[in-house]
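Numbers restart at 1 for each chain; the letters A, B, ... are given by sequence-line order, proteins then strands. Note that these values count all heavy atoms, side chains included, but never hydrogens, waters or copies made by symmetry. Bear in mind that the values here come from a model prediction, so they are computed numbers and not experimental data.
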Protein chains: 2
Amino acid sequence: MAKKEHLFIVFENLIKIKSECSCEIFSECGLSDITMKQIGYLKVIDEHGDVTFSKLAKITNHSKPTITEMINKFARMQCVYREKSPDDGRIYYIRLTEKGQRIARAEEKALLRVIEKMADSMDEKEMESLIKLLEKVR
Amino acid sequence: MAKKEHLFIVFENLIKIKSECSCEIFSECGLSDITMKQIGYLKVIDEHGDVTFSKLAKITNHSKPTITEMINKFARMQCVYREKSPDDGRIYYIRLTEKGQRIARAEEKALLRVIEKMADSMDEKEMESLIKLLEKVR
DNA sequence: GATGATTAGGGTAATGCTAACTAACTTAAT
DNA sequence: ATTAAGTTAGTTAGCATTACCCTAATCATC
């Protein structure tokens with residue numbers, strides 16, 4: 001029992017470090033009060049290449065005007081910009097700015113920072129045994 | 001480099017398991033679209049014992065009517081109830097129901113479930129070395 | 001009279017919609 | 001090949017709902 005408790009504390013610490021890292025990233029971008037929903041949309045845009053307004057409307061199950069409004073807001077926040085399709089003048093691709101991408105990938109980045117910290121505090125052999133231990137959890 | 005990447009994947013998996021666990025808890029409670037803010041309030045109520053309306057107003061830096069409304073909403077969601085003070089008829093304590101407590105502690109509970117999974121997949125000795133390894137990260 | 005909670009009534013912003021429109025493309029008929 | 005008639009992509013206008021917060025007034029209790 002004591003071991004589980006101990007492990008709990010250790011992990012709580014790790015998770016705290018990670019969430020501090022992601023908050024850091026949001027405030028680095030000057031977007032401390034971005035919502036979970038907004039981050040979700042940025043992730044969708046990040047994950048699907050060449051997203052158009054209609055496509056995003058379908059993916060997120062929203063109307064086209066809703067998407068227009070959302071993208072306008074993101075554009076004002078300098079997270080996205082429109083890129084006109086060279087083949088079809090009606091179509092605009094929604095592209096993430098560097099800032100938009102940073103936000104979309106903040107969780108990933110935060111985890112990476114934590115991994116860096118780990119790597120700094122242990123040697124190759126220890127890393128290896130850590131991986132072996134955690135790999136088993138399903 | 002490869003080791004870090006590997007560790008990244010392993011941790012990503014753990015985090016995914018944990019967030020699945022907390023989503024599970026919210027949907028077990030029939031509150032899949034509860035907001036972060038609401039969870040925050042429930043946590044405040046959970047952490048401070050004997051919270052009154054005025055006290056919660058002070059803690060959260062909101063007006064009393066705002067608190068009344070918030071608590072009414074939580075009461076409708078069956079997350080809290082009022083308990084009249086035996087000493088002072090003007091005072092009501094805000095108490096979490098079992099459901100409210102489950103929500104307030106969902107993150108904690110989710111982590112516990114993951115720890116359980118870990119404990120299931122390794123022996124005492126392995127647990128010990130895992131703790132030793134992760135303890136170093138600051 | 002002071003204090004704790006509520007009620008009444010209001011404001012703003014987020015988030016979503018439908019309907020109508022413009023611009024750009026496609027098709028089909030001449 | 002041209003042009004008229006659709007179709008499609010995105011935008012605009014206008015509206016509804018909900019979240020979230022307030023002040024002022026009220027009621028009950030101390």
| said: Between P on dT7(D) and CD1 on Ile91(A), what's the gap in Å once rounded to a whole number? | reply: 18 Å
| message | Taking any heavy-atom pair under 4.0 Å as a contact, classify Tyr41(B): base, sugar-phosphate, or nothing. | response | sugar-phosphate
| request: Tell me whether the OP1 or OP2 atom of dG10(D) has a side-chain N or O from Thr68(A) closer than 4.0 Å. | output: no
| message | Restricting to side-chain hydrogen bond (donor to acceptor under 3.5 Å, both in side chains), what partner residues turn up for Glu108(A), sequence neighbours left out? | response | none
Distance-only donor-acceptor hits, side chain of residues 71-79 of chain A, under 3.5 Å, sequence neighbours excluded:
residue: Asn72(A); atom: OD1; partner: Arg82(A); partner atom: NH1; Å: 3.4
residue: Asn72(A); atom: OD1; partner: Arg82(A); partner atom: NH2; Å: 2.9
residue: Asn72(A); atom: ND2; partner: Thr68(A); partner atom: O; Å: 3.4

| query | dG16(C), dA23(C), dA5(C): which one has an atom nearest the side-chain heavy atoms of Phe53(B)? | reply | dA5(C)
| message | I want to check one thing: is the phosphate of dA9(D), taken as OP1 and OP2, less than 4.0 Å away from some side-chain N or O of Arg82(A)? | response | no
| request: Take the protein atom CD1 of Ile71(B) and the nucleotide atom P of dG4(C), then report the distance between them rounded to whole Å. | output: 16 Å
| Taking atom C1' of dT15(C) as reference, at what distance in whole Å does atom CE of Met70(A) sit? | 11 Å
| NZ of Lys58(A) versus C1' of dT8(D): gap in Å, rounded? | 11 Å
| Whole-Å distance separating the CG atom of Asp88(B) from the P atom of dC27(D) | 20 Å
| query | Could you give the NZ-to-P distance, from Lys64(A) to dA20(C), as a whole number of Å? | reply | 15 Å
| task | Check whether any side-chain N or O of Ser63(B) sits under 4.0 Å from OP1 or OP2 of dC22(D), and answer yes or no. | result | yes
| Which listed nucleotide (dA24(D), dA28(D), dC25(C)) is nearest to the side chain of Pro65(B)? | dA24(D)
| note | d(Leu112(A) CG, Lys109(A) NZ) to nearest 0.5 Å is 6.5 Å
| query | Can a side chain N or O of Thr66(A) be found less than 4.0 Å away from OP1 or OP2 on dC17(C)? | reply | yes
| Reckon Lys73(B) has a side-chain N or O less than 4.0 Å from the OP1 or OP2 of dT18(D)? | no
| field | Between dA5(C) (C1') and Tyr93(B) (OH): distance, integer Å | value | 14 Å
| Which part of the nucleic acid, if any, lies within contact of Ser54(B), taking any heavy atom under 4.0 Å across all strands shown: a base, the sugar-phosphate backbone alone, or nothing? | sugar-phosphate
| note | Thr35(A) has its side chain closest, among dT15(C), dC21(D), dA24(C), to dT15(C)
| query | Is Lys136(A) atom NZ crowded by more than 12 heavy atoms from other residues, nucleotides or ligands, each under 6.0 Å away? | reply | yes
| remark: Rounded to whole Å, OH of Tyr92(A) lies from C1' of dT8(D) at a distance of 14 Å
